[in-house]
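Have a look at the structure below before the remarks.
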Amino acid sequence: VINIGKPGVDYIDPEILNSEPHMTYQDAAGNIWLEKLDPRTGMPVSGSKTRLDSGAANLRVTYNGPEFGIDATGWAVYYSKEDRGELQIWRAQLKNGRVTANPLLSDGQRRQSILVSKDPKSKSTHLIYLKGDRYSGHYHWMDVNNPARETHIVKIKGVDSPRWIDDTLSFIYAESEGTDAGQLKLHDTLTGKTRTITSDAGTKSFAY
């Protein structure tokens, strides 16, 4: 929780969109907020606060709050929220002063802990997320323009979360295989190709 000049207001897992600039964050009640920032001071602009949604999942469950996604059409905010009794991926957008918030899928399968691509050149935004629970689930990625097509990445056990590389639609992750303690792999979601980029001994983890 970060307090930045507003006593009593909780800013949980804030993320900044430098190009606007805006900040999105979650509060303890599960509200998703958007605020403009003053680039001279880094402080929120008075009166600019907009609630994008309510009822978002507790971060003690998802370990990740709202994130900006960026593509050639602009930006949106992605987060985890329950839908029909199970956590799903939600997208909130602000256009012409009007907020819309909807789940990308509503099939009763658990999806959470979203990480979002930021590539202003791309035709659409891509997401990494955990499908299933955080003990036995698997990481997948999807194109938000075709959410029903999910691509499996790797099981969560023994693997740290994959991470997007800014200004690309590629991500990096570490994976243990057999007796190998783990190598770094680079996956390009446009080509579908994965390349192992390390080969030395030793555990690899938390690639950014």
Side-chain angles (χ1 to χ4, degrees), residues 13-19 24 57 59-80 86-91 104-105 107 109-208:
D13 199 12
E15 181 167 321
I16 293 173
L17 178 68
N18 291 320
S19 59
T24 186
L59 267 67
R60 289 190 178 92
V61 176
T62 66
Y63 291 94
N64 193 38
E67 290 214 352
F68 286 107
I70 305 171
D71 58 34
T73 67
W75 58 267
V77 174
Y78 297 83
Y79 50 97
S80 301
E86 192 54 273
L87 289 181
Q88 289 290 345
I89 300 167
W90 286 62
R91 174 174 58 193
L104 295 183
L105 292 167
D107 58 4
Q109 299 185 59
R110 185 185 185 94
R111 297 175 181 86
Q112 65 179 65
S113 308
I114 308 107
L115 295 166
V116 191
S117 67
K118 297 175 178 63
D119 182 9
K121 307 181 302 299
S122 65
K123 294 180 180 179
S124 64
T125 298
H126 291 188
L127 311 178
I128 295 170
Y129 54 95
L130 178 61
K131 187 174 182 179
D133 62 48
R134 60 188 179 92
Y135 302 103
S136 59
H138 291 241
Y139 288 111
H140 289 69
W141 72 265
M142 73 164 65
D143 182 334
V144 298
N145 284 351
N146 187 13
R149 182 181 178 183
E150 301 178 280
T151 301
H152 179 263
I153 304 172
V154 66
K155 62 183 179 181
I156 189 173
K157 188 175 182 180
V159 177
D160 296 312
S161 177
R163 298 284 173 167
W164 292 106
I165 299 171
D166 283 351
D167 299 318
T168 76
L169 291 178
S170 297
F171 58 80
I172 191 169
Y173 63 103
E175 182 178 13
S176 301
E177 296 179 302
T179 58
D180 194 323
Q183 300 298 338
L184 297 182
K185 296 186 176 183
L186 182 67
H187 180 83
D188 185 338
T189 62
L190 292 177
T191 64
K193 294 182 178 180
T194 301
R195 181 164 57 96
T196 302
I197 58 176
T198 61
S199 59
D200 55 315
T203 301
K204 315 295 190 305
S205 63
F206 295 106
Y208 293 89

request  = Check the pair Asp71, Thr125 against side chain to side chain donor-acceptor pair (under 3.5 Å), reporting the backbone distance first and the verdict last.
outcome  = CA-CA 6 Å; Asp71 58 34; Thr125 298; 2.9 Å; yes

request  = Run the numbers on Thr194 and Tyr173 for side chain to side chain contact (heavy atoms under 4.5 Å, CB included), then give the verdict.
outcome  = CA-CA 10 Å; Thr194 301; Tyr173 63 103; 3.8 Å; yes

Crowded around [X] [atom1]? As in, over 12 foreign heavy atoms under 6.0 Å?
X: Arg163; atom1: CZ; result: yes
X: Lys193; atom1: NZ; result: no
X: Tyr208; atom1: OH; result: yes

Taking atom [atom1] of [X] and atom [atom2] of [Y], what is their separation to the nearest 0.5 Å?
X: Ile128; Y: Ile114; atom1: CD1; atom2: CD1; answer: 11.5 Å
X: Trp164; Y: His187; atom1: CH2; atom2: NE2; answer: 7.5 Å
X: Leu190; Y: Thr168; atom1: CG; atom2: OG1; answer: 8.5 Å
X: Ser124; Y: Asp143; atom1: OG; atom2: CG; answer: 3.0 Å
X: Thr189; Y: His126; atom1: OG1; atom2: NE2; answer: 4.5 Å
X: Leu105; Y: Ile89; atom1: CG; atom2: CD1; answer: 7.0 Å

Which residues pass the side chain to side chain donor-acceptor pair (under 3.5 Å) test with [X], not counting sequence neighbours?
X: Tyr79; result: Asp53
X: Asp133; result: Ser136
X: Lys118; result: Glu15

message = Within the 3.5 Å criterion, strictly below it, is a donor on Ser113 or Asn64 matched to an acceptor on the partner's side chain?
response = no

Is there side-chain contact between [X] and [Y], with at least one heavy-atom pair below 4.5 Å?
X: Tyr139; Y: Ile156; value: yes
X: Leu127; Y: Val144; value: yes
X: Arg195; Y: Thr191; value: no

request  = List the steps and the verdict of side chain to side chain contact (heavy atoms under 4.5 Å, CB included) for Val77 and Phe68.
outcome  = CA-CA 5 Å; Val77 174; Phe68 286 107; 3.7 Å; yes

Which pair of non-hydrogen atoms, one from [X] and one from [Y], has the smallest distance, and what is that distance?
X: Gln183; Y: Thr196; answer: CB-CG2, 3.9 Å
X: Leu87; Y: Ala57; answer: CD2-CB, 3.6 Å
X: Asp167; Y: Pro120; answer: OD1-CD, 3.6 Å
X: Gly132; Y: Gln112; answer: O-OE1, 4.2 Å
X: Met142; Y: Arg149; answer: CB-O, 4.0 Å
X: Lys204; Y: Leu184; answer: CB-CD2, 3.8 Å

message = Which residue is it: Val61, Thr62, Leu59? I am looking for the one with a side chain to side chain contact (heavy atoms under 4.5 Å, CB included) to Ser80.
response = Thr62

request  = Classify the angle between the aromatic ring planes of His140 and His152 as parallel (below 30°), tilted (30 to 60°) or perpendicular (above 60°).
outcome  = perpendicular

query = Where do Leu115 and Phe171 land on the side chain to side chain contact (heavy atoms under 4.5 Å, CB included) test, with the steps shown first?
reply = CA-CA 10 Å; Leu115 295 166; Phe171 58 80; over 6 Å; no

task = For side chain to side chain contact (heavy atoms under 4.5 Å, CB included), just list the numbers for Leu104 and Gln88, CA-CA rounded to whole Å, side-chain angles, deciding distance to a tenth of an Å, and then say yes or no.
result = CA-CA 8 Å; Leu104 295 183; Gln88 289 290 345; over 6 Å; no

